[in-house]
S.K.: 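A single structure is presented below for examination.
We use all heavy atoms of the structure for the numbers below, so side chains are in, but hydrogens, waters and symmetry mates are not.
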Amino acid sequence: MQNQEIVKIIENLGGRRGYEEKRASKLGFTCLYDYFEYKITKKQKAIENEQKELEARRVNNQPKAVKKSCSCC
């Protein structure tokens, strides 16, 4: 089953189709579909990693509870 988003991207390449075909073959892909599928998954993984990084920073930047030096307060 083909992803319609990838099919639309390939249909709308126009003059860049030759460039993208050369690029795909240079990187070892047998067809444009596989190449664009790889590009999209790579982009999604980068976004996920960035979100995980932001979450980790958010957790680390939360103020920690202040410990009181005496037990009377």
S.K.: Quick check: do K39 and E20 have side-chain heavy atoms less than 4.5 Å from each other?
M.R.: yes
S.K.: Looking at side-chain heavy atoms only, is the closest gap between L32 and L13 below 4.5 Å?
M.R.: yes
S.K.: I'd like to know if the side chain of N12 and the backbone of K8 have a donor-acceptor N/O pair within less than 3.5 Å.
M.R.: yes
S.K.: Rounded at 0.5 Å granularity, tell me how far CD in E37 sits from OG1 in T41.
M.R.: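 So the gap between those two atoms works out to 7.0 Å.
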S.K.: Please check: side-chain N/O of Y33 versus main-chain N/O of N3, any donor-acceptor pairing under 3.5 Å?
M.R.: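 Side chain of Y33 to backbone of N3, a donor-acceptor pair under 3.5 Å: yes, one is there.
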S.K.: Looking at R17 and E21, does any basic side-chain N land under 4.0 Å from a carboxylate oxygen?
M.R.: yes
S.K.: With side chains defined as the heavy atoms from C-beta onward, is the minimum distance between I40 and I9 less than 4.5 Å?
M.R.: yes
S.K.: How many angstroms lie between CZ in F36 and NZ in K43, if you round to the nearest 0.5 Å?
M.R.: 9.5 Å
S.K.: How far does NZ of K22 sit from CZ of R16, to the nearest 0.5 angstrom?
M.R.: 12.5 Å
S.K.: Looking at CD of E53 and CD of E48, how far apart are the two atoms once the value is rounded to the nearest 0.5 Å?
M.R.: 13.0 Å
